[in-house]
Each structure stands twice: as structure tokens, then as C-alpha cells.
Q: 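Pasting a structure below so you can have a look.
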Amino acid sequence: MKEERERKAGDLDTAAAEWRVTEDVPEERRRAGRRFGAWVAALLFAGVSVVVGFRVADSDGPPPVPQVLAFLPWLLAPAGAGLLLAGLARWWIGTAWGVVLLGLLAWYIEPYGTSDDPTGPPLATFRVLTSNVEFGNGTEALVSAVRRHKPDIMFVSECEYTCDALLGRELARDYPHRQAVEGGGSEGSVILSRFPLKGTDGVSGTMGMPGAVADVRGQDVRLQLAHPMPPLPDQTGLWRRELDRLRDYAAADRRTPTVLAGDFNASQDHAAFRRILDTGLRDAARLTGADRTPTWPSSTAPTFGVQIDHILLSENFSADRSRFLDLADTDHRAVVADVTLHGQ
């Protein structure tokens, strides 16, 4: 009997031990899953933190930071995924980290710059269009859009020789005034206008950036086409220098009404572009509530993309409406804005 009792007791102890082991296996798996989730969240937070850190420091940083900064709003996705993983992993420090990152992103996604309307009386209302026709490929589509929307002033980037010839052949009657930098590929650009133009030296750059002064019903208006180099990984220094030249142009004369328009290869999330806005220029898209509408790449816009094509206006202007046109055979959407020039 004693041996039987001891055997039964041993069996019970063995069963209890097996039960504890069975219980410990899923718990250990849960701990391993939480550790893995915390590590993934930390990696996501670290990557987002680098980019957000340069935004907080008002700097574009080294590559690939400028390239990623262009898509700053989309960093909400990895930051949000990291926050979810940190919460599931019960990593409370990481959860706080994620909340801070999301708060900073939400803050910096807000429109940059002022949007107050001028107080002076309206002097003239006209329509401005800017378009990058990608090595001239989108010129025919641009001509059709011009006939539909009838802008008064056009800024056309990457308008090489055949583009320039086609615009002259099709639109010279309606736009008798032009100022151009001729060139092949991406180097050519042109300003077309219904208003009389007086040519200026423009802004020097790798790609053509012509300038002019328009006579808009007796009022001088400075016009400058913007097309700095894109922030390619090995050319971010050149990109910054050419954006700085556009900033210097804007700051050189703050009294004369100014329109600075084109493909800036930069968004409001780039410090070099914000320094242009800090001279007092305002983005027409910002003034009309369309500051985050993508213009590039056109193949995924408006669902996904970034606004790098802008119409910037001095404080003498108000903007009534902005439109974004999908043109065939170019990777940029055209931007059209109705603007009003005000007196002092």
C-alpha cells in the first residue's frame, strides 16, 4: 500500500511539473514576441527620429535626409506602426517616444508661412501657370491646357529646343512676349506673357532660370522662373546653393511686386525652401488651402507625392484659386493660380 501511495504521489508530481512546463511555453513565446515588437518599434522610431531631428533643427541634413524630408507627412505611417508595436509590447518608454514623434510630425505638417491678404485696393487680376514639361515631352499637352485655362503668364521648365519652337508656333499670337534660356534636355526654360516684358539677367543655375519684368497695366512686376537642381545624393550642396540664389533674388527687392514660380525641387519641409518663404513670399497653394496637394510624381499624384512646383507671390498679391493639371507625357502636374495685385 505504501509503495502504491508513493507511486501515485510521484505520478501527480510529474503531471504537475508537465502542466507548469506547458504553461511556461506560451508565456515565454509571448515575452519573445513582445521583445521582437519592441525592437522593431525602436528601429522605426530611430529612423523617423533622425529625419524629425533635422526638421526640428531647421536643417536639411546630409543625404538621404533631404530626399526623405520631401515626404515628411508619410512618416506618420512608420511612426504610427511603431507606436502600435510599442503598446502591444508594453514598452512604455517606447510608447512615450512614439507619442512625441507623432506630435512633432503633426506640428510640422501644418502649413508654413503667413497667409494674410493685402489691405490695398486691387489693381489687376491675372492667371499664372507653371509647368515642367519633362524634356519637352509634355509640350503638346501643355498647349491644350493653355487653350483651356488661358493663363496670362506662363513659366515653363525643361522646355528644350523643340518645345520652344512648338510654343512659338502655337501660342505666339496670344503670348507675344517671351524671355527664355535656350538649351537642350532639362536646361531650356521660357516665360511667356500677354503683358509686355523687359528681360533681366535671371538667376544663374545649372538649368535655365530666365527672369523678366512685366508691365501689368502700368505696374512693374518682377518675374523669375525657378528650376534648381534636384537634391540627388551627390548634388545636395549644389541644390542648396541654387535655392539660396533664388532666396537672394527674392530678398534683393521687397518693394516691387514679385512672382517666383517653377519647379523648385523642394517642398515646405525643406529648410532651403523655407528660407525663400522667409523673405516674405507666400505660396499661392498655401493661400488657397492646397499647400499639400502633390505635383510630383504625376503618375501617383494626388494619392501619393509631394508638392515641389510652386507659384510664390510677394505680399502685394492675394490668390483666389489654385488648380493642379494632369498633363500627358510629363512627370509633373502643372499649377494654375488666379492672383490679384493690390496697391499699397
Q: Is any side-chain heavy atom of H310 closer than 4.5 Å to a side-chain heavy atom of F273?
A: yes
Q: Output, in order, the C-alpha distance, side-chain angles, deciding distance and verdict of side-chain contact (heavy atoms from CB on, under 4.5 Å) for V143 and E140.
A: CA-CA 5 Å; V143 170; E140 290 186 3; 5.7 Å; no
Q: Kindly say whether G208 contributes a backbone atom to a donor-acceptor pair with the side chain of S189 at under 3.5 angstrom?
A: yes
Q: Consider only side-chain N and O atoms of T288 and S322, and report whether a donor and an acceptor are under 3.5 Å apart.
A: yes
Q: Quick one: CD1 on I153 to OG on S193, what's the gap to the nearest 0.5 Å?
A: 4.5 Å
Q: Measure the spacing between CH2 of W74 and CD1 of I109 and express it to the nearest 0.5 Å.
A: 10.0 Å
Q: May I ask you to decide if the ring planes of F195 and F126 are parallel, tilted or perpendicular, using 30° and 60° as cut-offs?
A: perpendicular
Q: Does V306 reach the side chain of P294, with side-chain heavy atoms less than 4.5 Å apart?
A: no
Q: Are side-chain heavy atoms of R292 and Q268 found at a separation under 4.5 Å?
A: yes
Q: May I ask you to test the D309-R333 pair for a side-chain heavy-atom distance under 4.5 Å?
A: no
Q: Keeping R286 on the side-chain end and G113 on the backbone end, is there a donor-acceptor pair under 3.5 Å?
A: yes
Q: Do E158 side-chain atoms and F135 backbone N/O form a donor-acceptor pair below 3.5 Å?
A: yes
Q: Do L129 and L327 belong together in a cluster built from hydrophobic side chains that touch within less than 4.5 Å?
A: yes
Q: Test your reading of the model: is there a side-chain donor-acceptor pair from S131 to the backbone of V156, 3.5 Å cut-off?
A: no
Q: Do H332 and S298 touch side chain to side chain, with heavy atoms closer than 4.5 Å?
A: no
Q: Would a distance-only check, ignoring hydrogens and angles, find a side-chain to backbone donor-acceptor pair under 3.5 Å from Q224 to Y249?
A: no
Q: Could K198 and D215 be called an ion pair, given the rule that one side-chain N must be under 4.0 Å from one carboxylate O?
A: no
Q: Identify which one of L341, T256, V339 satisfies the side chain to side chain contact (heavy atoms under 4.5 Å, CB included) criterion when paired with N316.
A: L341
Q: Could you check whether any side-chain N or O of W92 sits under 3.5 Å from a backbone N or O of G87, counting only pairs where one atom can act as donor and the other as acceptor?
A: no
Q: Does the distance from a Lys or Arg side-chain N to an Asp or Glu carboxylate O, for D244 and R241, drop under 4.0 Å?
A: no
Q: In Å, rounded to the nearest 0.5 Å, how long is the span from CZ of R90 to CZ of R31?
A: 10.5 Å
Q: Crowded around F36 CZ? As in, over 12 foreign heavy atoms under 6.0 Å?
A: no
Q: Quick check on the hydrophobic clustering: are V336 and L167 connected, directly or via other members, by side-chain heavy-atom contacts under 4.5 Å?
A: yes
Q: Please lay out, stage by stage, how M154 and V146 fare under the test side-chain contact (heavy atoms from CB on, under 4.5 Å).
A: CA-CA 9 Å; M154 290 190 297; V146 167; 3.1 Å; yes
Q: Take atom CG in D201; do more than 12 heavy atoms of anything else shown fall under 6.0 Å from it?
A: no
Q: Could you report the tightest heavy-atom contact between A86 and A41, atom names first, then the distance?
A: N-CB, 4.0 Å
Q: Can you name the nearest heavy-atom pair linking F324 to A290, along with the distance?
A: CE1-CB, 3.7 Å
Q: Taking the side chain from D263 and the backbone from H227, do they hold a donor-acceptor pair closer than 3.5 Å?
A: no
Q: Check this for me: does any side-chain nitrogen of one of D164 and R178 sit under 4.0 Å from a carboxylate oxygen of the other?
A: yes
Q: Do R127 and D338 meet the salt-bridge criterion of a basic N to acidic O distance under 4.0 Å?
A: yes
Q: Measure from the side-chain N and O atoms of D220 to the backbone N and O of V213, and report whether any donor-acceptor pair falls under 3.5 Å.
A: no
Q: Would a 4.5 Å heavy-atom cut-off, applied to side chains only, mark T139 and T162 as touching?
A: no
Q: Is any side-chain heavy atom of D269 less than 4.5 Å from a side-chain heavy atom of P73?
A: yes
Q: So which of L101, V99, T95 actually passes side chain to side chain contact (heavy atoms under 4.5 Å, CB included) with W97?
A: L101
Q: Could you tell me whether a side-chain N or O of T200 sits under 3.5 Å from a main-chain N or O of A212, the two making a donor and an acceptor?
A: yes
Q: Quick check: does any side chain N or O of E315 sit under 3.5 Å from a backbone N or O of L281, one acting as donor and the other as acceptor?
A: no
Q: Once rounded to the nearest 0.5 Å, what's the spacing between atom CH2 of W296 and atom OG of S267?
A: 11.0 Å
Q: How long is the span from the CG atom in L104 to the OG atom in S49, to the nearest 0.5 Å?
A: 9.0 Å
Q: With side-chain contact (heavy atoms from CB on, under 4.5 Å) as the test, would you mind laying out the steps for I276 and L243 before giving the verdict?
A: CA-CA 8 Å; I276 297 175; L243 283 170; 4.0 Å; yes
Q: Determine whether E187 and V181 make a side-chain contact, defined as any pair of heavy atoms from C-beta on separated by less than 4.5 Å.
A: no
Q: Before you tell me yes or no, could you show the steps for D174 and R194 under side-chain contact (heavy atoms from CB on, under 4.5 Å), namely the whole-Å CA-CA distance, both residues' side-chain angles and the distance that decides it to 0.1 Å?
A: CA-CA 7 Å; D174 294 323; R194 298 184 191 273; 3.9 Å; yes
Q: Calculate, to the nearest 0.5 Å, the distance between atoms CG and CD belonging to L232 and Q67 respectively.
A: 7.5 Å
